[in-house]
Peer 1: 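Have a look at this one.
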Amino acid sequence: MDMDKVYNFKEVEKRWGKYWIENKTFSAKIDKNKKPFTIVIPPANVTGSLHMGHALNATLQDAIIRFKKMQGYNTLWVPGTDHGGIATQNVVEKLLKKEGIIKYDLGREKFLEKVWKWRSDTGDTILNQLKMIGCGLDWDRVSFTMDKSRSKSVKKAFIQLFKRGLIYKGKRLVNWCPRCSTALSDIEVEYEDEKSSLWYIKYPLRDFDSYVIVATTRPETIFGDTAVAINPDDERYMHLVEKILKLPLVNREIKIVSDYIVDKSFGTGVVKVTPAHDIIDNEIAKKNNLETIEIIDINGKMINTPEKYQGLNVEEARKEVVKDLKKADFLTKIEDYTHSVGRCYRCLAKIEPLVSEQWFLNVEEMSKKAVAAVNDAKTIFYPESWKRPYILWLENLRDWCISRQIWWGHKIPIYYCVDDKNNKTSCKPIASFDKPKECQHCKGENFVQEEDVLDTWFSSALWPISVFGWGENENSQDLKYFYPTSVLVTGHEIIYLWVARMVQFSLEFTKDVPYRDIFIHGIVRDKHGKKMSKSLDNVVDPRDIIEKYGADALRFALTKSATPGKDIQIFEESFLAARNFANKIWNASRFILMNLESLGNIDKVDKKINPTELADEWIVVEFESILAKVKTAYDSYNIDIVAREIYDFFWTKYCDWYIELSKIRMMCSDINIKRQVLSILVYILKGVLQLLSPIMPFITSEIWQILNKDKKIIAESVFPKVKFSQFFESLEKMRTVQDIIVKIRTLKSEMNISSAVQIEALFNVLDDNKEKIVKENEHYIKQLAKIVSIQFGKNIKRPKNSALTIAGGFEIFLLLEGIDIEKEKSRLLKELAIAEQEVERTVAKLNNENFVKRAAKVEVKKIQIRFSDATVKVKKIYESLKFL
RNA sequence: GGGCAGUUAGCUCAGCUGGAAGAGCAUUUCCCUUACAAGGAAGAGGUCGCAGGUUCAAGUCCUGCACUGCCCACCA
């Protein structure tokens, strides 16, 4: 078996990626003898291509799925994509525009054909990229939010909600995106601070020679004003309530109303009320029965204004209005003012609140249930800190505007009865899967379907049940077996947009939560904590990382940084370090493989290991201790801890110490001794590979297969269990030996002696308890500290040419030629100072009655030991200094 | 205005239920030692944001403050 000196991840990753798919390693069938463990992937938009956020999200899910599989669960991870409503329509629209085609010229049907074509051409991009990072998804179950089955779920859900009276149509103020030409829900509006002005405008009183001054950020909406409002407690204006004003520029008469919503301290304390284009004003209008005048249409153009403003867009109108107000002396002041402005989350155009007829979903009852489910721990947030924001959001939720005036999406399954001329009759609209046969009211047989489509998040909210056939198959066995799912893994940016709504819908339609756990991870940011974006040019593309460092390195770097509750800052070096780790694993394995070959046959290692000496016992205990930690960490979604624990154990304990120590026996001519140590090396290596395989599946699969003649691949192996917990005392013994080795190395380094130079040493026993252990393991010290011979003794006087260090209960003299006395002196003085400080500190503690009385006994004992060690050290260094 | 995080080595971050400050990268010295120079050995570098409090003992618990970031809000 030839292994390259440098790990060739490209070849390995390609091969294994293919293997899992071809062998359907992660395809799941119902098996009632096994417990299911289910994850449904957050469906990425078909417009998407893999970015770091997806890579992180997918890796975490994959790690959980692979871990649970090794724990014996019947695991299922369902893949799929989202049709992405507005986002997708916009993408296709842009592409067509490049060809000089505008969607209205094509018409709805032709345009939709184009979108479907585009989807079938490129819509699976992201799924294929998930394959690149080795995701153990069940590829036989790919779903799409607009495929047949999912469409049935959507219709069923809509009809059910409609029949319950929760869905209604109404003319209301909504968030309108003039660019996308559709209504949006409240959370689809993103707010951003913008520098603007606050204009102070005189509104003259009709019956007095006076006026009030209104401060506004939107002077152009003056034509839609139907009142001016003040706070009822505002003494400056109380007397003006119900008085009539004459609206500047148009002279229309409006009155002054009062409402506690008005903030006395803001501006002048007088606010203009534009019910058709402002949420708050709309509420004031409702309370005061004010008229609503629409002055901006769905294209963002002015309507119902004096001739000269008619048809202008909002920006132009503002300029004109300000100019004219100024000319007519209505404008008293302009102040710089920064306020937040709503923008469309898909195209960033400024949102125009306007009155429009839309479909709404009453969410009051569903929200209460969704809050209760989390409060009653039916579903649990990890980390818990997301529980409160989730609840607060649901408790303050307004009805959801679910209709969109775009073409790409689920057409609302509402049918209107129409007469011969295709005009809507006054009959009640019907919610139905297909076109109804007959109107129950007028017996008419002609219908037209609602033109609007549903918010894309409506179908997303059904995802955990629709992927199992809810709505299509009344008796879905999959739904019974795999649902509710085990955990949802997602970023915190879509808790409201998606997570909360899935809980609402699942409770509504299945009377159960969609998932037992909700694991919320952070968002991937750049080195300085900035969001990755094209405009900032700080995007790290996972595909480049895979190309350069490998998918395993990508996965490891991401998981290692993914501390729950925190966003992740990542940069090139993170992946480099992970790549180096993979290479380290490769080479350690290579070393073991090479030695196994010299045994003649890889199978020759013992199945049952037999720790015979200190290092063996020690490494086994150390391994089992991280084994326990890793298992707990996986189970509680602390995948970052898994990555760090394994990294630390493998590199600093297994490689730096155990492999180095194993070399003594590896070079031994006795084949039995060699096999014995190799058995342990292999045992631990295989264990580490298993612990790590959910995070780095490629390299671990590869090495496992080389090591294992078993047919079972690592993904189907059984996670290791604790077996040897009896060797705990080896930890302390090993610490002593390691302490001696490190101190000797340090001393040599400080004396500028090449680490390769072999030296003789005298060990003067200071602590009788340590003598046996160190004598038994002196070969370790010789090997790793490059000592040629050790002479043990008691009351040894310091030899002339020697350097001193005190470690592990010994006074250690290294015999050196031509020692620099001054250097040795200053070195010892430094050591002395440290030891003396230690004595002081420990004495202070031991003299503290309260400490001795109240601290745990173990703690007091520790301090006593430290005190006596330090005391001996001080004494010995003094003697030594005198001698010099 | 409300909520939630964060503030630890030059940079990016760990540090669980309180018991002598850690990692990776960068940096200094030595080493191509027969798994790995994408490596090994040793070192330098922190008054753990500030101020109080609880405790024998606080990076760790409590209170207040400052700064940073994110989310939400009825920012006329």
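Computed over heavy atoms, backbone and side chain alike; hydrogens, waters and symmetry mates excluded. Each chain gets a letter, A, B and so on, in the order its sequence line appears, and its residues count up from 1. This structure is a prediction, so every number in the text was calculated from the model and none was measured.
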Peer 1: Atom CZ of A/Arg827 and atom C1' of B/A44: how far apart are they, to the nearest Å?
Peer 2: 17 Å
Peer 1: Starting at the 5' end of RNA chain B, what dot-bracket string do you get if Watson-Crick and G-U pairs under 3.5 Å are bracketed, crossing pairs use [ ], other-strand pairs use | and unpaired bases use dots?
Peer 2: (((((((..((((.....[..)))).(((((.......))))).....(((((..]....))))))))))))....
Peer 1: With sequence neighbours left out, what residues match A/Lys548 under salt bridge (charged side-chain N to carboxylate O under 4.0 Å, His left out)?
Peer 2: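 Counting only residues at least two positions away or on another chain, A/Lys548 forms a salt bridge (charged side-chain N to carboxylate O under 4.0 Å, His left out) with A/Glu572.
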Peer 1: Between B/A20, B/A76, B/C70, spot the one nearest the side chain of A/Arg841, thanks.
Peer 2: B/A20
Peer 1: Using a cut-off of strictly less than 4.0 Å between a heavy atom of the residue and any atom of RNA chain B, enumerate the qualifying residues of residues 545-555 of chain A by number.
Peer 2: none
Peer 1: Measure the distance from CD on A/Glu192 to P on B/C72 and round it to the nearest whole Å.
Peer 2: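 So the CD-P distance, A/Glu192 to B/C72, works out to 13 Å.
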Peer 1: Reading RNA chain B from 5' onward, which residue's closest nucleotide shows up sooner: A/Asp278 or A/Tyr496?
Peer 2: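 With A/Asp278 and A/Tyr496 compared, the 5'-side residue is A/Tyr496.
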Peer 1: Going by atom types only, do A/Thr274 and A/Lys272 share a side-chain donor-acceptor pair under 3.5 Å?
Peer 2: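 A pair is found: one side chain offers a donor N or O, the other an acceptor, under 3.5 Å apart.
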Peer 1: Mind checking what makes side chain to side chain contact (heavy atoms under 4.5 Å, CB included) contact with A/Glu190, not counting sequence neighbours?
Peer 2: A/Tyr345, A/Leu348
Peer 1: Heavy atoms under 4.0 Å is the rule here; annotate nucleotides 1-15 of chain B 5' to 3' with B where the base is hit, S where only the sugar-phosphate is, and - elsewhere.
Peer 2: --SSSS----SSSS-
Peer 1: Sequence neighbours left out, what passes side chain to side chain donor-acceptor pair (under 3.5 Å) with A/Asp820? Give chain and number order.
Peer 2: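 Result, side chain to side chain donor-acceptor pair (under 3.5 Å) vs A/Asp820: none returned.
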Peer 1: In this structure, how many angstroms lie between the P atom of B/C74 and the CG atom of A/Leu397, rounded?
Peer 2: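 The distance from CG of A/Leu397 to P of B/C74 comes to 12 Å, rounded to the nearest Å.
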Peer 1: Rounded to the Å, how far apart are A/Ile523 CD1 and B/C70 C1'?
Peer 2: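 The distance from CD1 of A/Ile523 to C1' of B/C70 comes to 8 Å, rounded to the nearest Å.
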Peer 1: With a 3.5 Å cut-off and just heavy-atom distances, do the side chain of A/Arg866 and the base of B/A20 make a donor-acceptor pair?
Peer 2: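 Answer yes: a donor N or O sits under 3.5 Å from an acceptor.
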Peer 1: If the sugar-phosphate is the primed atoms plus P, OP1 and OP2 and the base is the rest, what is the B/S/- string for nucleotides 31-43 of chain B, using protein heavy atoms under 4.0 Å?
Peer 2: ----BBSBSSSSS
Peer 1: Describe the nucleic acid contact of A/Glu838 in one word from base, sugar-phosphate, nothing, applying a heavy-atom distance below 4.0 Å.
Peer 2: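 A/Glu838: base contact, heavy atoms under 4.0 Å.
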Peer 1: Nearest-Å distance, CG (A/Leu497) to P (B/C71)?
Peer 2: 13 Å
Peer 1: Got a list of side-chain donor-acceptor pairs under 3.5 Å for residues 491-499 of chain A, not counting sequence neighbours?
Peer 2:
residue: A/His492; atom: NE2; partner: A/Asp567; partner atom: OD1; Å: 2.9
residue: A/Trp498; atom: NE1; partner: A/Ser460; partner atom: O; Å: 2.9

Peer 1: Kindly write out the residues that satisfy ring-ring contact (aromatic ring centres under 6.0 Å, His included) with A/Trp199, not counting sequence neighbours, or none if the list is empty.
Peer 2: none
Peer 1: Distance check: side-chain N/O of A/His339 vs OP1/OP2 of B/A76, anything under 4.0 Å?
Peer 2: yes
Peer 1: Is a side-chain donor or acceptor of A/Asn638 paired with a backbone partner of A/Asp640 at a separation under 3.5 angstrom?
Peer 2: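 Checking the backbone N and O of A/Asp640 against the side chain of A/Asn638, no donor-acceptor pair under 3.5 Å is found.
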Peer 1: Rounded to the Å, how far apart are A/Ile391 CD1 and B/C72 P?
Peer 2: 18 Å
Peer 1: If you round to the nearest 0.5 Å, how far is OG1 of A/Thr632 from CD of A/Glu645?
Peer 2: 10.0 Å
Peer 1: Of all residues at least two apart in sequence or in a different chain, which pass the side chain to side chain donor-acceptor pair (under 3.5 Å) check with A/Lys264?
Peer 2: none
Peer 1: Would you mind reading off the distance between A/Lys853 atom NZ and B/U55 atom C1', rounded to a whole angstrom?
Peer 2: 14 Å
Peer 1: Parallel, tilted or perpendicular for A/Trp586 and A/Tyr7, by the 30°/60° rule?
Peer 2: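 Plane angle between 30° and 60°, so tilted.
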Peer 1: Tell me: CD1 of A/Ile753 to P of B/C30, nearest whole Å?
Peer 2: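 These atoms are roughly 15 Å apart.
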Peer 1: What's the closest nucleotide to the side chain of A/Phe266 if the choices are B/G19, B/C25, B/A76?
Peer 2: B/A76
Peer 1: I'd like to know if the side chain of A/Tyr203 pairs up with that of A/Asp225 as donor and acceptor (distance under 3.5 Å, no hydrogens or angles considered).
Peer 2: yes
Peer 1: Which residues pass the salt bridge (charged side-chain N to carboxylate O under 4.0 Å, His left out) test with A/Arg590, not counting sequence neighbours?
Peer 2: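 Listed in chain order: nothing, the list is empty.
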Peer 1: Return the set of residues passing side chain to side chain donor-acceptor pair (under 3.5 Å) with A/Glu660 (not counting sequence neighbours), or none when no residue passes.
Peer 2: A/Lys663
Peer 1: Regarding A/Asp648 and A/Arg644, does a basic nitrogen lie under 4.0 Å from an acidic carboxylate oxygen?
Peer 2: no
